[in-house]
Amino acid sequence: IEEGIRDHQSYGDVLLQHAEELRLTDDQMGRIYRLHQANQQRIQGINKKLHDATRWAHRMFLDPAKDEAAIRQAARAHTAAFDELLETALKTRRDINAVLTAEQQARLSSLKPTAR
């Protein structure tokens, strides 16, 4: 992945794409956009960490000189990075959902993510 280029949609992307269906106000769109932007900066850093951990774990697994304990240590680093990514994304999802009214939240459950 090139620096600054995302290859996946975020939760914020999906909600903003459905702004009309959700009847988001300008204020809500601004708040969601700011939450989305802050999340993307954090995610980029975590994605680099995850990518590095994946490469390290793969190299360890393929190295015949490495023992099982070393391979498990590399796998734990990968798992920790993925868990950090998940927790960050879930927190942002909660923060974005908190911007919505009860009516918008009810409407949200019927939306389908747009393919990208």
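Remember, it's a predicted structure, so these values are computed and weren't measured experimentally. Residue numbers run from 1 in the order of the sequence given.
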Of the non-hydrogen atoms in [X] and [Y], which two are nearest, and what is the gap between them?
X: A57; Y: A75; answer: CB-N, 4.3 Å
X: V99; Y: Q104; answer: O-OE1, 4.5 Å
X: P64; Y: L62; answer: CD-O, 3.1 Å
X: L24; Y: L15; answer: CD1-O, 4.0 Å
X: L100; Y: Q105; answer: O-NE2, 3.4 Å
X: R42; Y: T92; answer: NH2-OG1, 3.5 Å

Within one Ile-Leu-Val-Met-Phe-Trp-Tyr cluster: [X] and [Y], side-chain cutoff 4.5 Å:
X: L85; Y: Y11; answer: no
X: I43; Y: I96; answer: no
X: L35; Y: I46; answer: no

### Task
Test R31 against D27 for side chain to side chain contact (heavy atoms under 4.5 Å, CB included), laying out the working first.
CA-CA 6 Å; R31 290 170 59 198; D27 178 62; 3.5 Å; yes
What distance do [X] atom [atom1] and [Y] atom [atom2] have between them, rounded to the nearest 0.5 Å?
X: K91; Y: L86; atom1: NZ; atom2: CG; value: 14.0 Å
X: R76; Y: D83; atom1: CZ; atom2: CG; value: 13.0 Å
X: N97; Y: R94; atom1: CG; atom2: CZ; value: 10.0 Å

### Message
Among residues at least two apart in sequence or on other chains, which ones pass side chain to side chain contact (heavy atoms under 4.5 Å, CB included) with E103?
### Response
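So E103 forms a side chain to side chain contact (heavy atoms under 4.5 Å, CB included) with R23, T101, R107.
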### Query
Taking C-beta and beyond as the side chain, do D95 and N39 meet within less than 4.5 Å on heavy atoms?
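Sidechains of N39 and D95: no contact.
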### Message
Counting C-beta onward and ignoring hydrogens, is there a side-chain heavy-atom pair between W56 and Q73 closer than 4.5 Å?
### Response
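Counting from C-beta outward, W56 and Q73 do come under 4.5 Å.
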#### Entry: D67 atom CG, over 12 foreign heavy atoms within 6.0 Å
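Counting neighbours around CG of D67, more than 12 heavy atoms of other residues, nucleotides or ligands fall under 6.0 Å, so yes.
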#### Entry: Verdict with reasoning, E87 to F82, per side chain to side chain contact (heavy atoms under 4.5 Å, CB included)
CA-CA 9 Å; E87 291 304 319; F82 184 81; over 6 Å; no
### Ring geometry between H36 and Y33 (parallel below 30°, tilted from 30 to 60°, perpendicular above 60°)
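The rings of Y33 and H36 sit tilted, inter-plane angle from 30° to 60°.
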### Task
Return yes if some donor-acceptor pair links the side-chain N/O of Q37 with the main-chain N/O of R34 below 3.5 Å, else return no.
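No.
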### Task
Could you give me the CA-CA distance, side-chain angles and deciding distance for R59 and D63, then say whether salt bridge (Lys or Arg N to Asp or Glu O under 4.0 Å) is met?
CA-CA 6 Å; R59 281 196 310 267; D63 185 345; over 6 Å; no
